[in-house]
Structures are given as C-alpha cells and as structure tokens.
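Keep in mind the model is a prediction, meaning the values are calculated, not measured. Keep in mind that the numbers below use all heavy atoms, side chains included, and drop hydrogens, waters and symmetry copies.
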Amino acid sequence: MEYLLLVDNSNSMPPFREEVSAFAAALAETGGEHTSYALASFGEALEAETLADVAASLPMDETLTRLNTSIVQALDFFDGIPRAGNQLRCLVVLSDGVQYDPQGGVPYDELIERLARSDVMLHCVGLGGDADALERMGGLALASGGTQWTVSGPEEAAQAARGLAQGNGDLLVTGFDINSYQPSGGEEPVSITFASGGELICRGERSVALSPAEEGDASGQAPANPPD
C-alpha cells in the first residue's frame with residue numbers, strides 16, 4: 001500500500017490543523033505492514049515530503065488553492081514510480097474543497113476523466129461547511145472509485161483514517177496475463193467475473209485501450225511494450 005496525502009495548505013485551513021494531524025497520526029498507526037507514506041502540500045507548488053516529518057507542522061499560509069492542478073501533479077508523481085509487485089496506490093486529499101486558481105488550472109471534467117482511467121484511488125477528507133465545494137470534491141472520489149468523508153473535529157478525522165485503512169486492508173490486487181492475445185489496437189471491451197463454488201461474487205465491465213500488437217509478435221510471447 002502506498003499513500004500520498006495531499007494536504008491543502010492555503011490560509012483557509014488553519015482552523016482544521018488538528019483534524020489534519022489526527023488523520024495522519026491515525027492512518028500511520030493503522031496502515032499495517034508493507035505500507036509507505038508520503039505527504040505533499042498544494043498552493044503555489046507541490047512538494048512531496050515524508051508523512052511523519054511534516055504533518056503536524058505544515059505551514060498553512062498559501063494564498064492560492066490549486067486543487068485540480070495539484071491532484072494531477074500527484075497522479076504524475078505516482079506514474080513516475082516504478083511498480084514492484086501488487087501495489088494499491090491511494091491519493092488522499094484533505095481540503096475544504098474551495099479552489100482559488102487565477103490561472104484556471106485543470107478543468108474539472110478533464111480531471112474526472114484522468115481519475116477514471118488512473119490506477120490510483122482518490123479518497124477525499126472534506127473539512128469546513130462549503131457544501132458545494134465538498135460535493136465537487138466528492139465527485140472526484142466517485143470517479144476514481146474512492147471514498148469521501150466530511151469530518152468535524154479530530155476524533156472524526158481519526159475515525160476516517162481508521163476506516164480508510166480497514167477498507168483498503170480488505171482489497172485484493174489481481175493480475176491477468178494477456179501476452180498471448182494479439183490486439184489490433186484501440187478500445188476493446190473487457191469483463192471480469194469472480195465466482196466461488198458456482199456462486200457469483202461480482203462482475204465488472206469496462207472498455208480499455210490496448211496497444212496494437214507489433215508485426216512479428218508470436219502468440220504466447222510478450223509484445224515489446226505490453227499494455228498495462
């Protein structure tokens with residue numbers, strides 16, 4: 001499990017410092033084995049730091065809140081980390097959801113599309129009382145397949161962290177070898193069915209983009225650039 005906490009450090013966030021600290025502390029306590037943590041803040045720029053070093057003392061004085069752009073930068077951060085084994089990657093946003101970006105930033109609909117095709121699960125911890133902003137932030141979590149909490153006070157924040165750790169602990173990562181398939185390229189439908197003892201557990205369907213097989217690829221042999 002890899003967690004990246006993306007924390008709003010704008011000047012609207014100091015009232016929620018205790019909630020941010022309580023969430024980070026509870027997540028670190030309950031994350032379990034083989035779990036890594038990083039913390040990033042957003043405002044003028046995105047800088048990844050270790051969770052333990054900065055969670056409690058994060059400056060919250062930025063005058064900008066580039067929420068959408070910072071989420072894209074965080075996804076880029078994950079994309080730059082080579083995979084080693086079956087990992088679950090989680091981006092956790094802690095914010096009041098109010099974006100202020102004079103440059104416009106990444107459009108909301110474009111961010112929704114990026115999250116829908118990313119293998120990173122986005123979870124949102126909403127702070128404050130701006131219902132519209134928190135609803136928009138929750139829409140990002142929904143597009144990613146993640147979860148959203150709206151918390152008030154350190155204890156609710158800690159409960160959200162424990163709930164996130166428990167939920168992720170119940171997830172499985174499954175891989176499928178499709179090296180023998182020779183795709184023509186483009187969007188193709190894929191369905192996955194899980195059953196046990198003849199009983200259907202769950203079924204999922206979606207379209208995926210597959211790279212075309214290169215000329216000379218033999219059946220059963222991995223292409224030079226196999227699709228994810």
Does Asn168 form a side chain to side chain contact (heavy atoms under 4.5 Å, CB included) with Cys90? I'd like the steps, not just the answer. CA-CA 9 Å; Asn168 284 335; Cys90 290; 3.5 Å; yes

What is the minimum heavy-atom distance between Ser184 and Pro212, and which atoms define it? O-CB, 3.5 Å

Is NZ or CZ of Arg203 both nearer than 6.0 Å to the six-membered ring centre of Phe194 and within 45° of the ring axis? no

Chi angles and distances behind the side chain to side chain contact (heavy atoms under 4.5 Å, CB included) call for Met13, Leu127: CA-CA 9 Å; Met13 287 291 292; Leu127 303 160; 3.5 Å; yes

Test side chain to side chain donor-acceptor pair (under 3.5 Å) on Glu62 and Tyr100 and set out the steps. CA-CA 11 Å; Glu62 293 287 351; Tyr100 174 60; over 6 Å; no

pair Leu210-Glu187: side-chain heavy atoms closer than 4.5 Å: no

Can you list everything that forms a ring-ring contact (aromatic ring centres under 6.0 Å, His included) with Tyr3? Sequence neighbours excluded, please. Tyr37

I would like to know whether Leu64 and Asp101 meet side chain to side chain contact (heavy atoms under 4.5 Å, CB included); could you show each step before the answer? CA-CA 6 Å; Leu64 302 180; Asp101 188 348; 5.7 Å; no

So that I can tick it off, tell me whether Arg117 and Glu110 are bridged by a salt bridge, with the cut-off set at under 4.0 angstrom between side-chain N and carboxylate O. no

Quick check: does any side chain N or O of Arg206 sit under 3.5 Å from a backbone N or O of Pro189, one acting as donor and the other as acceptor? no

For the residue pair Ser144 and Val120, establish whether any side-chain heavy-atom pair is separated by less than 4.5 Å. no

Indicate yes or no for a side-chain donor-acceptor contact from Asp61 to the backbone of Asn11 under 3.5 Å, with no hydrogens or angles considered. no

Do the side chains of Met1 and Ser36 get nearer than 4.5 Å, heavy atoms only? no

Please examine the side chains of Val7 and Leu58, heavy atoms only from C-beta on, and report whether any two atoms are closer than 4.5 Å. yes

With a 4.5 Å limit on heavy-atom distance, are the side chains of Met137 and Ser95 in contact? yes

Is it true that a side-chain atom of Thr69 and a backbone atom of Arg66 form a donor plus acceptor pair closer than 3.5 Å? no

When you measure from the side chain of Glu2 to the backbone of Leu88, do you find a donor-acceptor pair of N or O atoms at a distance under 3.5 Å? no

With the 4.5 Å side-chain cut-off for hydrophobic clustering, are Ile112 and Leu91 part of the same group? yes

Sub-4.5 Å side-chain heavy-atom contact between Leu6 and Val92: no

Whether Arg89 and Asp79 form a salt bridge (side-chain N of Lys/Arg under 4.0 Å from carboxylate O of Asp/Glu) is what I want to check. no

Hey, does Val125 have a side-chain heavy atom less than 4.5 Å from the side chain of Val93? no

Under the criterion side-chain contact (heavy atoms from CB on, under 4.5 Å), which of Asn9, Val98, Asp8 is the partner of Thr65? Asp8

Donor-acceptor pair, side chain of Gln148 and main chain of Leu134, under 3.5 angstrom: yes

Are any side-chain N or O atoms of Thr35 and backbone N or O atoms of Gly31, one a donor and one an acceptor, separated by less than 3.5 Å? yes

Taking the side chain as C-beta and beyond, is there a heavy-atom pair between Leu164 and Phe23 under 4.5 Å? yes

